[in-house]
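By convention in this document, chain letters (A, B, ...) are assigned in the order of the sequence lines, proteins followed by strands, and residues within each chain are numbered from 1.
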There are 2 protein chains.
Amino acid sequence: MTSNTPSLPDQPLVAILDDEAEIRLMLSEALEEAGFRTQNFARATEFEAALKSTTPDVCLVDLGLPDKDGLALVHRLALESGAAIIIISGRAQVQDRVTGLELGADDYIIKPFDPAEVVARVRARLRRNRNTAKSSNTARFNGWTAHFDSYVLVDETGNETPFSHAEGEVLRLFLESPRRLISRARMQEILGGAAGESFDRAMDVRISRLRTKLREDPKNPRLIKTIYGAGYIFLGEVRWE
Amino acid sequence: MTSNTPSLPDQPLVAILDDEAEIRLMLSEALEEAGFRTQNFARATEFEAALKSTTPDVCLVDLGLPDKDGLALVHRLALESGAAIIIISGRAQVQDRVTGLELGADDYIIKPFDPAEVVARVRARLRRNRNTAKSSNTARFNGWTAHFDSYVLVDETGNETPFSHAEGEVLRLFLESPRRLISRARMQEILGGAAGESFDRAMDVRISRLRTKLREDPKNPRLIKTIYGAGYIFLGEVRWE
DNA sequence: GGCGCTTGTTACATTTCGTAAGGAATCCGC
DNA sequence: GCGGATTCCTTACGAAATGTAACAAGCGCC
C-alpha cells in the first residue's frame, strides 16, 4: 500500500478569518514566520466554502464579521470541525469572553493583540492536539478496541471480530477525526478511489459493512452518522494508545 | 503503571496553586460552584508532594510563588503530567505570556481576573483534553432536549423523535439565538443555500417540519414565532450542556 | 481448479428535502 | 370593515441521496 496522503502536509495549517486586510496580513506574516501555513478569508461564506475541501488545524476567527454571526459560526465549527478555535475580538467584556468560550472556542484574544502572543497561543493549541494525533495502531472508543496491526475489533466482552483492509481505512479515518464532519469528497480522496465519480456506491457499501461490524442499529446509528448531502460524522470518544 | 480506569468520570479535579489565600478562596468557590472538585495549595512544595498521589485534570498556577520558580514548575508539569496548565499571573507583558505559553502552559490569565472567565477557560481546556462527547451538543429548552450528536429530540416524558440534518440546522440556529429575531436573509446565508428565488419556500417547509416535530399548535406557536415580513423568533429558555 | 475471503457493482428499498400548488394569515389603503 | 396583494403554512409529489442485499470479479492459498 503506497497511498500516501499528500493532502495532510507536515506544517500545521492555520485559517485566518477577519474582514480587515491589515490584520489578516499581520497574522499571516507572523504565523508563516513561525513556520505555519496560513489561509486567509475576509468573509465567513468564503471560509465555509473552503472548509469543504481543506481541514485547518487552528482557526482564528474575528467575531466582528459583517456577513455572519461570528458566534454561531464558532459554535458550528466547534461541533463539526476538529480544529482548535481561537476567537479574536474587539469586545473585551468578561461576558463576551465567557460566552465565546462556552460556545466551543478554545481561546479568546482581545484586540489589539500582539502577533507574538497569537503565535504562542496557536502553538499551545497545537501542542495539545498533536499529542492525540500521533499515529498509533490501537484505538479505544465506546467499548470497542480497534487493533490496526492485527485488523481485529474487540468488544467490551473480549469478543473479536476481524475487519478488512478497506474497512480499516474507513474506520481509521473516522477515528482520527471523531465528532467532525467528513465529506464524501474527502473520504474518496483519502481512500484513493476514483474521485468525483457520481456512481461510486462503493463508499456507501464500505460504510454499511463497517456499521454491521460495529453492530449499529440501522434505524438509529450511534457511532457513524450520515449527514444527508454532506458526508458522515463519527460520534464517539476515541483514545489512541 | 497508573490504573487507567476512569470508567465513570468523576467531577474533574482542579488544582489551585497560589500563595494568596484570598485568591485561592475566590477560585475554589467559583470552580466548585461550577461543579468541579478543587485542591488548594499555597506552596509549590506541597503541590508537588500532592501530585504523587493525585492527578488533577487542570492546574491553575500562580507564577508569583515565593518558594520556587513558577516557570520551571510549569515546564516540569507540562512535561511530566497530562494535566492542562493555566498560568495566573500579575505580569502582564506580552513577553511573559509568550514564554509562559512556550514553556508548556495551555493558557495564561492576567490578574486581576474574573472568576467566571477562569471557569470558562478551565472548561475549555477540559473539553479539548477529554474529547468529551457531551459538551455543548445537547440543549434543553421548555421541556425538550435536543441531542445534536444523535439527532434526537426528547420530550419531557422521554419520548424520542429523530430529526434530520436540515431540521437540525434550523433548530440549532434557533437555539443559538433564542429570543432574538432571525431574518430570513440570515437564515438562508447560514443554511448555505445560494439565495434562490423560490428557495424561500424551502425554508418555510423546513420550519414547518420542525414545528411539527416540536408539536407546535399551528394557531398558537409557542416556540417558533413568525414575524410577518421579517423572519422568525425562537422563544424559549435554552440551556446548552 | 476449487475454496474462501475481499471488494466493487448492480438493483432495489428507503430517506431526505426541495418544489409546486392551494389555502390561510397578515398587511394596507380605502 | 373590505377587497386585494403579499407573505406564510401545509400537503403532496418527485428527484436525488443513501442503505443494503445479492451477485460477480479478483486474489491468495491449498
Please determine, for the side chain of Val205(A), which listed nucleotide (dG19(D), dT10(D), dA21(D)) has the closest atom?
-> dA21(D)
Nucleotide nearest Ser164(A) (side chain, heavy atoms from C-beta), chosen from dT7(C), dG8(C), dC9(D) | dT7(C)
NA contact type, Tyr232(A), heavy-atom cut-off 4.0 Å: base, sugar-phosphate, or nothing?
-> sugar-phosphate
Lys225(B) NZ to dT26(C) P: how many Å, rounded?
-> 10 Å
In whole angstrom, give the distance that lies between atom CD of Gln188(A) and atom P of dG8(C).
-> 11 Å
Does dT10(D) have OP1 or OP2 sitting under 4.0 Å from an N or O in the side chain of Ser208(B)?
-> yes
Decide whether a cation-pi geometry holds between Arg172(A) and Phe148(A); the criteria are a distance under 6.0 Å from NZ or CZ to the six-membered ring centre and an angle within 45° of the ring axis.
-> yes
Using 4.0 Å as the upper bound for N to carboxylate O, is an ion pair formed by Glu169(B) and Arg206(B)?
-> yes
Phe234(B) ring center within less than 6.0 Å of Phe141(B) ring center = yes
Of dT15(C), dG19(D), dC27(C), the nucleotide closest to the side chain of Tyr228(B) is dC27(C)
Nearest listed nucleotide, side chain of Arg201(B), among dT15(C), dA21(C), dG19(D) = dA21(C)
Using a cut-off of 4.0 Å on non-hydrogen atoms, how would the nucleic acid contact of Arg209(B) be classed: base, sugar-phosphate, or nothing?
-> base
Separation of dC17(C) atom P from Ile207(B) atom CD1, nearest Å, is 14 Å
So does Lys219(B) get a side-chain nitrogen or oxygen closer than 4.0 Å to the phosphate oxygens (OP1/OP2) of dA24(C)?
-> no
Between dA17(D) (C1') and Met187(A) (CE): distance, integer Å | 15 Å
Once you round it to whole Å, what is the distance between C1' of dC17(C) and NZ of Lys213(B)?
-> 11 Å
Measure from CG on Asp204(B) to P on dA24(C) and round the result to the nearest Å.
-> 17 Å
Given atom CG of Leu171(B) and atom C1' of dC17(C), what is their separation to the nearest angstrom?
-> 17 Å
Can you say whether the rings of Tyr151(A) and His165(A) are parallel (under 30°), tilted (30 to 60°) or perpendicular (over 60°)?
-> tilted
Does Thr226(A) place a side-chain N or O at less than 4.0 Å from the phosphate oxygens OP1/OP2 of dT15(C)?
-> no
Between Asp107(A) and Arg121(A), does a salt bridge (charged side-chain N to carboxylate O under 4.0 Å, His left out) hold up when you go through it step by step?
-> CA-CA 8 Å; Asp107(A) 208 338; Arg121(A) 287 187 182 268; 2.9 Å; yes
Would you kindly give the CG-to-C1' distance between Leu210(A) and dT7(C), to the nearest whole Å?
-> 14 Å
